There are 2 protein chains.
Amino acid sequence: MPGSPVRGSKTGKPIMALFDLLGRNWSMGVLWILCTVGPLTFRGLQEQCEGISPTVLNMRLKEMRQADFITHTSDGYVVTAMGLELFAFLEPLGYWSLEWAEHLEKLNKELKEA
Amino acid sequence: MPGSPVRGSKTGKPIMALFDLLGRNWSMGVLWILCTVGPLTFRGLQEQCEGISPTVLNMRLKEMRQADFITHTSDGYVVTAMGLELFAFLEPLGYWSLEWAEHLEKLNKELKEA
DNA sequence: ATGATTGCTACTGATAACGTAGCAATCAAA
DNA sequence: TTTGATTGCTACGTTATCAGTAGCAATCAT
């Protein structure tokens, strides 16, 4: 959490705390799926995440609830207003990643020819 | 790399490959520092990253060079055009993370009072 | 009661990261 | 031409995190 030292940051700068949180395995994936697919149960999330282990999923859910990115309702797990704001930054990366993939393909092609 | 299965994604979707890469410890931090501080040597980066272990730093650098986000010149490690494009998405998170930190503080205050 | 679903926890490997030490290469003075 | 400083790493032992399977208590609808 921001303000207190975290894994990967002793300074407690919010941006580093955020990177630390998002930098854990499946953090961004879970947020992405909840935002693009909709509310999901624990087991529903597990399936969408290609069989993520329940241990890790539960840890990520706890962390992201503490960060107020998601919350647990009768519909299952849903993103909060804060989570949606964060997703707004991440969402354009979906399109960009396609260009990045193409760019890498070109690069590797050129390397083979040379 | 996009197109091939990666840790955390069997489908090879570029966005998941990107999340997998950025989701590793210090990936976003290294990119952030190179973009905000400027070209740095291996040891310079180590200091900026609060003493990241050389093993991990070297792994991240290799991965991010393969992803064409950074490259190694006589000035040290520098971001590529692709790396700058990616940073453009990440950079606004710096400001937003401050609001997020404030929001969390408020939330925790309310919890204490209640 | 029975079965299905949900939200987990426990346990055992495997993988990734940390942290210290140190080495070969380059350069620049002494 | 040694000496020292810097740079870009590698090796290695320890610790933390993740993966993968099993299973359990609670809820709900048959």
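Bear in mind the structure is a predicted one, so any value in this text is a computation, not a measurement. Here is the naming used below: chain letters follow the sequence lines, and residue numbers restart at 1 for every chain.
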Euclidean distance, atom [atom1] of residue [X] to atom [atom2] of [N] [Å, nearest integer]:
X       : N      : atom1 : atom2 : answer
B/Met59 : D/dT10 : CE    : P     : 11 Å
B/Leu45 : D/dT7  : CG    : P     : 12 Å
B/Asn25 : D/dT17 : CG    : P     : 9 Å
A/Trp26 : D/dG20 : CH2   : C1'   : 15 Å
B/Arg43 : D/dT6  : CZ    : C1'   : 7 Å
A/Tyr77 : C/dT5  : OH    : P     : 18 Å

*For the side chain of A/Val56, counting heavy atoms from C-beta on, which of D/dA19, C/dT9, D/dC9 is nearest?*
D/dA19
_Parallel, tilted or perpendicular: which one describes the rings of B/Tyr77 and B/Phe42, with boundaries at 30° and 60°?_
tilted
*Base, sugar-phosphate, or nothing: which does A/Ser53 touch, judged by heavy atoms less than 4.0 Å apart?*
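Counting heavy atoms under 4.0 Å across all strands, the contact made by A/Ser53 includes a base.
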*Could you pick out which residue, A/Arg60 or A/Gln46, lies toward the 5' side of DNA chain D when each is mapped onto its nearest nucleotide?*
A/Arg60
_Donor-acceptor contact below 3.5 Å, side chain B/Trp100 vs main chain A/Ala67_ =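 Here the side-chain-to-backbone pair exists.
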*asked:* To the nearest 0.5 Å, what is the distance between CD1 on B/Ile33 and CD on B/Glu47?
replied: 11.0 Å
*Check if the side chain of B/Thr55 and the base of C/dG19 share a donor-acceptor pair of N or O atoms closer than 3.5 Å.*
yes
*Report yes or no: do B/Trp96 and B/Leu90 belong to one cluster of Ile/Leu/Val/Met/Phe/Trp/Tyr joined by side chain heavy-atom distances under 4.5 Å?*
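Linked, B/Trp96 and B/Leu90 end up in one cluster.
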